[in-house]
Colleague: 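One structure is given below, represented as structure tokens, and several questions about it will come after.
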Amino acid sequence: MLLHDHLDGGLRPATVAELASEHGYKDLPTEDVGALKSWFRDAADSGSLVRYLDTFTHTVGVLQTPDALARVASECVEDLAADGVVYAEVRFAPELHVERGLALTEVIEAVLAGFADGTARAAAAGRQIRMGALLTAMRHAARSLEIAQLAIAYRDSGVVGFDIAGAEAGFPPTRHLDAFQHIQRENGHFTIHAGEAFGLPSIWEALQWCGADRLGHGVRIVDDITPGAAGGASGARLGRLAAYVRDKRIPLEMAPSSNLQTGAVASIAEHPIGLLRELYFRVTVNTDNRLMSDTSMTREMALLVDAFHYGWRDLQWFTVNAMKSAFIPFDERLAIINDVIKPGYAKLMSDA
Ligand SMILES: O=c1[nH]cnc2c1ncn2[C@@H]1O[C@H](CO)[C@@H](O)[C@H]1O
Ligand SMILES: [Zn+2]
């Protein structure tokens with residue numbers, strides 16, 4: 001179960017190198033696959049969201065043709081399925097892939113075709129996975145209404161929602177109110193990256209001005225929580241915004257490694273996920289950018305197991321939280337919880 005994963009943050013290092021040479025992209029820091037893999041991780045380890053985002057220049061640089069987009073989308077599904085993911089919402093920003101003249105619709109169709117291809121390949125390899133696409137608009141740009149309209153136009157073809165991403169400080173979500181209102185009027189779903197590189201006001205705007213269904217990261221919600229005496233959940237006091245987030249079961253799409261790299265948290269052990277889980281916020285665990293964080297769903301879960309001594313029950317709770325928060329219809333979410341997730345964890349627990 002994965003709700004927050006960027007297509008342009010999840011390329012295989014070897015694919016980055018191959019696409020660069022096929023497409024005459026000359027700006028890669030190195031052409032050696034091993035060195036490239038470490039370069040992305042180290043460059044993203046910057047402690048700042050803005051510098052972390054600089055690394056996307058190279059992945060976006062090689063994703064400018066339908067073939068490249070479809071290949072990366074297909075490999076993404078294969079990689080997630082091989083990692084044990086059964087449902088994933090993967091996002092990308094169509095406006096970033098038009099440098100060589102593609103139409104926004106061509107970008108979207110190439111990715112959707114790649115997801116379909118990857119899903120079929122995974123099934124042939126004995127792995128069932130369901131994919132949903134989220135269309136992202138860049139918060140510093142001015143194309144969000146157009147992207148939101150496309151998210152609605154493609155909702156019966158595999159797009160399940162809308163998002164805004166990019167640098168947070170200086171680009172409040174209220175710049176994109178018309179886009180969010182379009183989604184709302186059309187009874188659609190959207191999430192907003194908020195509370196990652198900027199604090200409570202960003203989360204408050206995303207929820208109370210824009211009406212986001214979910215929060216991308218949302219780690220700074222802890223700024224509105226006073227922990228109990230021992231620093232834990234017992235006796236903790238919630239401010240009004242934190243109480244609202246918990247009361248309304250607003251899903252938090254948290255990505256531990258990414259949050260560490262952008263400086264949103266100082267260590268995994270200090271990640272607010274520990275406290276938020278104890279307080280029963282609707283926390284979910286995600287990869288964000290598998291290439292930049294050199295990670296997978298399994299690894300993110302394992303990091304939390306090490307830091308917080310979680311057992312299978314906790315991991316199942318995170319997984320069910322995520323499935324409850326997916327943007328597909330309720331009956332389909334329920335079917336995956338009851339027919340796939342619960343039996344899957346029951347087997348893991350009986351094996352263990
Ligand atoms: O954690 C993040 N916070 C904000 N923006 C992000 C994050 N990860 C990726 N992107 C941005 O989203 C674009 C579309 O996928 C990426 O190109 C990157 O600029
Ligand atoms: Zn993200």
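For the single chain, residues carry numbers from 1 onward in sequence order. Side chains included, hydrogens not; waters and symmetry mates left out as well; all remaining heavy atoms used. Remember, it's 1-based here, ligands and their atoms both numbered in the order they're listed.
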Colleague: More than 12 heavy atoms of other residues, nucleotides or ligands under 6.0 Å from CZ of R249: yes or no?
Modeller: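 Count over threshold, so yes.
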Colleague: Regarding R12 and E18, does a basic nitrogen lie under 4.0 Å from an acidic carboxylate oxygen?
Modeller: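 Judged by the 4.0 Å cut-off on N to carboxylate O distance, R12 and E18 do not form a salt bridge.
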Colleague: Is the ring pair W209/W204 parallel, tilted or perpendicular, if the boundaries are 30 and 60 degrees?
Modeller: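 Rings of W209 and W204: perpendicular, over 60°.
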Colleague: Classify the side-chain pair T298/D83 by whether it contains a donor and acceptor separated by less than 3.5 Å.
Modeller: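 Yes, because at least one side-chain N or O of T298 sits under 3.5 Å from a partner of the opposite role on D83.
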Colleague: Could you tell me the residue and atom name of the protein heavy atom closest to atom 8 (N) of ligand 1, and the distance to it rounded to 0.1 Å?
Modeller: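 The closest one turns out to be N289 ND2, 3.0 Å.
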Colleague: Can a donor-acceptor pair be found, under 3.5 Å and without considering hydrogens, that links the side chain of S202 to the backbone of F198?
Modeller: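 Absent.
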Colleague: Considering only NZ, NE, NH1 and NH2 on the basic side and carboxylate oxygens on the acidic side, decide whether D45 and R41 come within less than 4.0 Å.
Modeller: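 Between R41 and D45 there is no salt bridge, as every charged N stays at least 4.0 Å from the carboxylate O atoms.
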Colleague: Fit a plane to each ring of H6 and H193, take the angle between them on a 0 to 90° scale, and name the class: parallel (under 30°), tilted (30 to 60°) or perpendicular (over 60°).
Modeller: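 Tilted.
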Colleague: Check whether D288 reaches the backbone of D5 with its side chain - one donor and one acceptor, N or O, closer than 3.5 Å.
Modeller: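 Checking the backbone N and O of D5 against the side chain of D288, no donor-acceptor pair under 3.5 Å is found.
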Colleague: Does at least one non-hydrogen atom of G9 fall below 4.0 angstrom from an atom of ligand 1?
Modeller: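 G9: no contact with ligand 1 (<4.0 Å).
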Colleague: Among all protein heavy atoms in this structure, tell me which lies nearest to atom 3 (N) of ligand 1, with the distance rounded to 0.1 Å.
Modeller: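 Here the closest protein heavy atom is E196 OE1, 2.8 Å.
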Colleague: Below 4.0 Å from any atom of ligand 1, is there a heavy atom belonging to E168?
Modeller: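 No; E168 lies far enough from ligand 1 that no heavy-atom distance drops under 4.0 Å.
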Colleague: Indicate if the distance from the Zn ion (ligand 2) to the nearest N, O or S atom of H193 falls below 2.8 Å.
Modeller: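 It does: H193 brings an N, O or S atom closer than 2.8 Å to the Zn ion (ligand 2).
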Colleague: To check your reading of the model: name the closest protein heavy atom to atom 7 (C) of ligand 1, its residue, and the distance in Å.
Modeller: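 Of every protein heavy atom, H6 NE2, 3.7 Å lies nearest to atom 7 (C) of ligand 1.
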Colleague: Could you tell me the residue and atom name of the protein heavy atom closest to atom 17 (O) of ligand 1, and the distance to it rounded to 0.1 Å?
Modeller: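 Protein heavy atom with the smallest distance to atom 17 (O) of ligand 1: D8 OD2, 2.4 Å.
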Colleague: Nearest protein heavy-atom contact for atom 5 (N) of ligand 1: which residue, which atom, what distance?
Modeller: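 Going by distance alone, atom 5 (N) of ligand 1 is nearest to G166 N, 2.9 Å.
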Colleague: What part of D288 sits under 4.0 Å from ligand 1 if we count only heavy atoms: the side chain, the backbone, both or neither?
Modeller: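 Near ligand 1, D288 shows its side chain, while the N, CA, C and O stay back.
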Colleague: Which of the N/O/S atoms in D288 sits closest to the Zn ion (ligand 2)?
Modeller: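 Checking each N, O and S atom of D288, the shortest distance to the Zn ion (ligand 2) belongs to OD1.
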Colleague: Taking the six-membered ring of Y280 as reference, does the NZ or CZ atom of R277 fall below 6.0 Å from its centre and within a 45° cone about the axis?
Modeller: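 Yes, a cation-pi geometry.
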Colleague: Among all protein heavy atoms in this structure, tell me which lies nearest to atom 19 (O) of ligand 1, with the distance rounded to 0.1 Å.
Modeller: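 It is M138 CE, 3.5 Å.
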Colleague: Which protein heavy atom lies closest to atom 11 (C) of ligand 1, and at what distance to 0.1 Å?
Modeller: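 Scanning the protein heavy atoms, the shortest distance from atom 11 (C) of ligand 1 goes to L53 CD2, 3.8 Å.
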Colleague: Any idea which part of L49 is under 4.0 Å from ligand 1, heavy-atom wise: side chain, backbone, both or neither?
Modeller: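 For L49, the contact with ligand 1 is made by the side chain alone.
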Colleague: Can you list the ligand 1 atoms lying under 4.0 Å from a non-hydrogen atom of L96?
Modeller: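 Those qualifying, in numeric order: 17 (O).
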Colleague: Regarding R127 and E78, does a basic nitrogen lie under 4.0 Å from an acidic carboxylate oxygen?
Modeller: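 Salt bridge: no.
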Colleague: So, regarding H217 and ligand 1 (criterion: nitrogen or oxygen to nitrogen or oxygen, under 3.5 Å), is there a contact or not?
Modeller: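 There is such a contact, yes.
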Colleague: For ligand 1, is M292 a contact, meaning one of its heavy atoms is under 4.0 Å away?
Modeller: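 It does not, in that no heavy atom of M292 comes within the 4.0 Å cut-off of ligand 1.
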Colleague: Answer with side chain, backbone, both or neither: which part of L7 has a heavy atom less than 4.0 angstrom from an atom of ligand 1?
Modeller: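 For L7, there is no contact with ligand 1 at all, from either part.
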Colleague: Which heavy-atom pair separates V285 from P256 by the least distance, and what is that distance?
Modeller: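 Looking at all heavy atoms of both residues, the closest pair is CG1-CD, 4.3 Å.
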